[in-house]
Enquirer: 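Got a structure for you, questions after.
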There are 2 protein chains.
Amino acid sequence: MTLKLDKVNRGPHLSTLVASSISREIAQGRLKPGDQLPTEQALATTFGVSRNVVREAIARLRSEGRIWSQQGRGAFVADATNATVLTIDYETLQRADSFRNLFELRGMLEVQIAALAATRRSDADIEAMEQALDGMRTAPYGSVAWLKNDLGFHRAVAEATRNPYMGQFLVFVSERVRESILAAGNQQKSDDMARTTLGEHERILTAIKAGDAKGASAAMTRHLAGAASRVGLPGGDAEAASPARHSRLRKAMRGRAAG
Amino acid sequence: MTLKLDKVNRGPHLSTLVASSISREIAQGRLKPGDQLPTEQALATTFGVSRNVVREAIARLRSEGRIWSQQGRGAFVADATNATVLTIDYETLQRADSFRNLFELRGMLEVQIAALAATRRSDADIEAMEQALDGMRTAPYGSVAWLKNDLGFHRAVAEATRNPYMGQFLVFVSERVRESILAAGNQQKSDDMARTTLGEHERILTAIKAGDAKGASAAMTRHLAGAASRVGLPGGDAEAASPARHSRLRKAMRGRAAG
DNA sequence: TCAATCAGGGTTGTATGATAACACGACAAG
DNA sequence: CTTGTCGTGTTATCATACAACCCTGATTGA
């Protein structure tokens with residue numbers, strides 16, 4: 001009876017294993033949309049767990065929109081587009097190219113967000129950004145407090161867009177990127193990096209303060225390129241995400257008050 | 001005992017009600033990160049359900065990263081940044097401004113995706129786009145087949161970026177936008193719209209074929225502006241998401257083969 | 001005094017059986 | 001052909017029991 005699923009003792013709950021197992025069947029196409037899943041009883045016996053565990057797994061998949069179930073009928077695989085949540089599973093996150101791809105996506109979001117923020121920011125937004133910058137100045141580079149204020153700055157920029165989804169998506173992607181960095185474990189820190197990073201942030205803030213959309217996106221592009229090289233990524237990667245690049249941003253950044 | 005919740009609130013399961021109830025407590029700050037949840041037994045009695053139902057709710061919240069639990073200790077509220085899934089709850093989706101905000105986010109993604117796709121597309125990607133366009137040509141405007149191919153086109157563009165997250169995010173956001181449109185229920189269709197929409201898609205494809213990043217993003221911007229006005233949104237909204245606007249895209253689009 | 005050990009209660013994780021609600025097909029009655 | 005009933009299978013929920021684990025505090029030994 002107690003089969004413990006030989007694999008991992010470190011393993012999470014049995015319901016998680018069952019859920020990801022079913023999830024994999026769906027992802028790999030062995031269970032197509034509309035197909036009926038085996039009965040809970042059958043799943044329980046095939047996995048060697050209790051029906052309760054199977055139900056917890058089912059509940060989880062149902063909440064993710066991957067399957068739907070009806071009392072008296074059974075459980076069925078839902079259409080892929082019906083997924084109500086966006087999730088990046090842990091295994092994929094570990095792969096090397098995931099990091100690069102996530103970073104690219106993040107850059108895409110951030111550069112646009114910076115431009116939008118420059119046109120819509122309020123005084124309270126500026127206040128929040130400056131507060132986050134102050135927090136970064138007083139915390140040692142790479143510390144928890146530093147990271148918290150770093151994320152706080154970017155979130156403040158996102159919230160200045162007056163579009164709550166911007167912040168929601170950006171924070172989500174940024175956290176995945178951070179997880180990926182931690183998984184790779186290849187970061188080295190120096191005092192130079194702290195100064196450089198702070199300077200990049202300040203340039204972003206200056207442009208946003210001035211209402212300079214192109215300058216803000218340009219500054220953000222440079223910041224992301226710097227961050228990329230800081231974590232060991234070819235720096236010029238965010239290029240395609242930079243809208244105002246070849247054009248005359250110097251003109252846009254000239255003659256504007258630093259505030 | 002427990003209110004059956006007359007409105008069809010996303011699922012008649014008790015575990016769903018319990019999960020959203022706890023989730024609300026967290027969202028409204030009555031349960032702060034680090035706080036310990038009541039014991040499963042206590043939750044069961046307060047909600048008037050069995051401990052099994054509570055466990056299904058807990059499993060769901062745990063899979064979303066909202067709480068974490070350890071055997072023998074209890075369940076605790078996790079940091080907000082630890083959420084492993086991105087979810088847009090149904091209530092927020094119904095609000096009027098959600099539609100506008102989601103559409104803006106989608107535009108932001110798509111315009112950049114189009115530019116990237118133009119520089120990275122393969123022959124197979126072009127093939128997929130053309131196939132989707134053919135599907136749109138033969139299906140009546142607004143039909144299920146039409147919508148399916150429409151989404152297929154945009155997904156093909158996203159997949160041409162060689163970054164799987166692009167497609168993942170885009171499809172997710174697009175589906176939420178579609179849900180929001182359906183919830184509002186204010187779309188009217190005509191033959192003109194079909195032709196216009198098809199033309200916009202064709203221009204996008206032409207630019208991507210030619211490897212013209214700026215042309216692709218410009219065409220996508222125009223398409224999104226058209227789509228916005230088609231669903232009753234002020235058309236100029238995607239402006240900030242348009243990188244190549246004032247600059248000379250005519251020059252970029254000149255002298256390139258239509259394919 | 002101090003440290004290690006151990007026993008006990010509390011909590012989550014899992015197993016098991018039972019009951020209620022519901023869907024669907026078979027089948028008989030009209 | 002239609003309708004109503006019933007039996008079977010499935011999910012939804014309940015209830016209980018045990019196992020695994022954490023924490024605390026008392027006991028024990030030096």
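What's counted below: heavy atoms across the whole structure, side chains too, no hydrogens, waters or symmetry copies. Here is how names work: the chains are called A, B, and so on, in the same order as the sequence lines, proteins then strands, and each is numbered from 1.
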Enquirer: When you measure from the side chain of B:His13, which nucleotide among D:dA12, D:dC14, C:dT14 comes out closest?
Expert: D:dA12
Enquirer: Could you list all the side-chain hydrogen bond (donor to acceptor under 3.5 Å, both in side chains) pairs where at least one residue sits in residues 71-87 of chain B, not counting sequence neighbours?
Expert: B:Gln70-B:Arg73
Enquirer: Taking DNA chain C as the partner, which of residues 53-64 of chain A come within under 4.0 angstrom of it by heavy atom?
Expert: A:Val53
Enquirer: Using whole Å, report how far CD of B:Gln41 lies from C1' of C:dT12.
Expert: 11 Å
Enquirer: Can you list the residues that meet the side chain to side chain contact (heavy atoms under 4.5 Å, CB included) rule with A:Glu25, with sequence neighbours excluded?
Expert: A:Arg30, A:Leu31
Enquirer: Pull out every protein N or O sitting under 3.5 Å from an N or O of nucleotides 17-19 of chain C, one pair per line with the distance.
Expert:
unit_1: C:dA18; atom_1: N6; unit_2: A:Arg51; atom_2: NH1; d: 3.4

Enquirer: Who pairs with B:Glu110 by side chain to side chain donor-acceptor pair (under 3.5 Å), at least two apart in sequence or on another chain?
Expert: B:Arg106, B:His154
Enquirer: Kindly state which residues belonging to residues 65-72 of chain A come within less than 4.0 angstrom of DNA chain D, counting heavy atoms of the residue only, listed by number.
Expert: A:Ser69, A:Gln70, A:Gln71, A:Gly72
Enquirer: So, B:Arg100 and B:Asp97, do they make that salt bridge, N to O below 4.0 Å?
Expert: no
Enquirer: Could you state the CZ-C1' distance from A:Phe76 to C:dC24, rounded to the nearest angstrom?
Expert: 11 Å
Enquirer: Distance check needed: D:dA12 C1' versus B:Leu17 CG, whole Å only.
Expert: 13 Å
Enquirer: Got a sec, which residues hit side chain to side chain contact (heavy atoms under 4.5 Å, CB included) with B:Gln131, two or more places apart in sequence or on another chain?
Expert: none
Enquirer: Could you state the atom-to-atom distance from CG of A:Leu43 to C1' of D:dG9 in whole Å?
Expert: 15 Å
Enquirer: List the residues meeting side chain to side chain contact (heavy atoms under 4.5 Å, CB included) with B:Arg178, not counting sequence neighbours, and say none if there are none.
Expert: B:Leu147, B:Glu175, B:Leu182
Enquirer: How long is the line joining CG of A:Leu14 and P of C:dT16, in whole Å?
Expert: 12 Å
Enquirer: In the structure I gave you, are the side-chain heavy atoms of A:Val18 and A:Glu56 within less than 4.5 Å of one another anywhere?
Expert: no
Enquirer: Please list, chain by chain and in numerical order, all residues satisfying side chain to side chain contact (heavy atoms under 4.5 Å, CB included) with A:Ala160, sequence neighbours excluded.
Expert: A:Ala117, A:Arg121, A:Asp125, A:Met129
Enquirer: Using the ring-ring contact (aromatic ring centres under 6.0 Å, His included) criterion, which residues pair with A:Phe153? Sequence neighbours excluded.
Expert: A:His201
Enquirer: Can you tell which of D:dT10, D:dC22, C:dC24 lies closest to the side chain of B:Arg73?
Expert: D:dC22
Enquirer: Closer than 4.0 Å, any side-chain N/O of A:Ser50 to the OP1 or OP2 of C:dA15?
Expert: yes
Enquirer: Name all residues meeting the side chain to side chain donor-acceptor pair (under 3.5 Å) criterion together with B:Glu159; count only those two or more places apart in sequence or in a different chain, and write none if there are none.
Expert: none
Enquirer: Can you name the side chain to side chain donor-acceptor pair (under 3.5 Å) partners of A:Arg155, sequence neighbours left out?
Expert: none
